[in-house]
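Data block below; observations after.
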Amino acid sequence: MSGLILQSITKQFGPFTAVKNVDLVVPHGTFVCLLGPSGCGKTTLMRMVAGLDLPTSGAIRLDGADITHVPTHKRDLGMVFQSLALFPHLTVGENIAYSLRIRGVGKEDQKKRVDELLAMIHLPGYAERPVAKLSGGQRQRVAIARALAISPKLFLLDEPLSALDAKLREAMQVELRQLQQSLGITTIVVTHDQREAMTMADTVVVMSGGEIRQAAPPVEIYRRPADTFVADFIGMTNLLDFETDGTGRITVLGTPVEGLVAPNGTARGILSVRPEDVHLTAPGNGAIGGTVTFVRDLGGTIETFVEAGGKQVVAVSMPNARPDVSVGQGVGISLNPADCVVLKS
Ligand code: ATP
């Protein structure tokens with residue numbers, strides 16, 4: 001298969017295991033985001049793919065070839081790391097052409113490629129500018145162009161947008177994704193920003209404690225999280241303890257949920273329900289009973305906090321479906337079984 005394959009990759013630093021037995025397939029032309037909290041092993045995994053660290057065990061294959069022990073400069077990679085700054089004394093064009101020059105590409109071809117890349121990153125005519133005169137977003141684009149100059153097989157980026165302000169970061173996420181799609185280049189990005197991962201990736205790989213907790217398309221990660229860590233890490237969710245009767249029927253916050261059944265043999269577990277899937281109704285009629293404790297109007301959405309069975313449940317609504325409730329009011333919580341994810345506790 002063309003693309004990148006990680007086979008049982010483990011990395012130990014002395015007695016500490018930073019990456020544990022990771023298996024991952026990144027098909028050619030796809031965009032993968034490694035996502036997880038600080039210290040989960042994302043950068044360590046990326047450094048092994050880049051050849052900057054050697055795995056303690058396991059193998060890395062790129063387009064069918066075993067590259068586990070191949071040095072970085074022979075891996076055909078384009079890299080944008082947060083700490084890998086542009087050369088400040090060179091112009092934009094000289095920065096982009098750097099790897100072409102050291103590969104002996106002729107002056108004319110260098111210029112042609114630089115112009116092509118500048119057009120691609122929406123900075124045509126910038127070749128002669130000193131990099132010191134660029135904005136943060138422009139520098140990041142130049143760093144991307146520099147990494148792509150050699151048309152690498154694999155494009156690796158570690159927190160590439162984290163130094164940019166929120167608005168620019170969002171715009172650059174869309175740009176980076178569009179660029180990757182137009183080039184069809186296999187790309188891996190390390191990020192701790194879930195919005196960034198959801199915006200750009202074909203596959204989001206959620207890591208924790210050196211292990212992959214789930215690798216799936218963004219919507220699946222959000223709608224069908226594999227465990228409570230993923231459910232809680234991605235977006236907001238309500239994690240509610242449940243128990244079953246002898247037939248698998250699920251009771252949440254003291255009330256049976258009609259139509260919701262746990263897998264065979266499950267006595268108890270946790271239900272993940274996204275706030276937008278919590279529907280507030282009049283009390284009674286089989287709904288879970290609760291009391292409104294707080295309402296937060298964020299403009300674009302309204303969050304209603306409800307205390308039910310000793311737990312806090314959050315419901316999110318759009319302004320045009322604003323629930324007509326106030327603090328202290330008794331309400332019913334109605335859950336659609338299709339929106340509930342049954343997880344092990
Ligand atoms: P962040 O988002 O903070 O960069 P990360 O998910 O990228 O975190 P890593 O940098 O991969 O995490 O680190 C994973 C774990 O391995 C951390 O506990 C870190 O302290 C440890 N670690 C990383 N590099 C080394 C090293 N060279 N020697 C010892 N421990 C290391």
Side-chain angles (χ1 to χ4, degrees), residues 4-26 31-60 62 67-72 75 77-85 136 139-140 143-144 147 154-166 168-170 172-173 176 186-216 218 221-222 225-235:
L4 178 76
I5 300 178
L6 306 182
Q7 293 171 319
S8 309
I9 297 289
T10 291
K11 178 66 185 178
Q12 281 181 273
F13 294 110
F16 178 71
T17 308
V19 172
K20 284 179 210 160
N21 214 19
V22 161
D23 286 306
L24 183 66
V25 174
V26 184
F31 195 132
V32 164
C33 278
L34 304 180
L35 178 68
S38 183
C40 72
K42 317 179 282 293
T43 297
T44 304
L45 188 60
M46 179 76 115
R47 286 178 58 83
M48 290 188 280
V49 173
L52 300 170
D53 269 333
L54 204 59
T56 308
S57 59
I60 303 172
L62 182 58
I67 60 160
T68 318
H69 298 276
V70 173
T72 302
R75 287 192 183 194
L77 308 174
M79 290 193 277
V80 178
F81 283 3
Q82 208 187 333
S83 56
L84 212 80
R139 269 176 220 214
Q140 214 51 16
I144 288 168
L154 195 56
F155 190 25
L156 306 178
L157 305 98
D158 191 350
E159 301 276 4
L161 310 177
S162 60
L164 306 178
D165 68 58
L168 184 55
R169 197 161 68 224
E170 296 246 329
M172 288 285 296
Q173 289 162 7
L176 188 54
T186 314
T187 301
I188 305 179
V189 171
V190 165
T191 180
H192 63 268
D193 178 340
Q194 51 166 288
R195 244 180 106 80
E196 189 161 302
M198 303 287 282
T199 304
M200 301 192 300
D202 293 300
T203 302
V204 176
V205 176
V206 182
M207 293 182 69
S208 156
E211 292 176 295
I212 293 183
R213 304 297 282 256
Q214 189 171 9
I221 293 270
Y222 186 81
D227 58 26
T228 51
F229 175 83
V230 177
D232 202 28
F233 187 72
I234 306 287

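When a ligand or atom number is given, it counts from 1 through the structure's own listing order.
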Sidechain N-carboxylate O distance under 4.0 Å for Arg169, Asp193: yes

Ligand 1: protein residues within heavy-atom distance under 4.0 Å: Phe13, Phe16, Ala18, Pro37, Ser38, Gly39, Cys40, Gly41, Lys42, Thr43, Thr44

Side chain Lys42, main chain Val189, donor-acceptor under 3.5 Å: no

Polar side-chain atom of Arg75 near backbone of Ile67 as donor-acceptor pair, under 3.5 Å: yes

Audit row: Met48, Leu54, side-chain contact (heavy atoms from CB on, under 4.5 Å) steps and yes/no: CA-CA 6 Å; Met48 290 188 280; Leu54 204 59; over 6 Å; no

Any Val205 side-chain heavy atom under 4.5 Å of Cys33 side chain: no

Chi angles and distances behind the side-chain contact (heavy atoms from CB on, under 4.5 Å) call for Thr186, Phe31: CA-CA 6 Å; Thr186 314; Phe31 195 132; over 6 Å; no

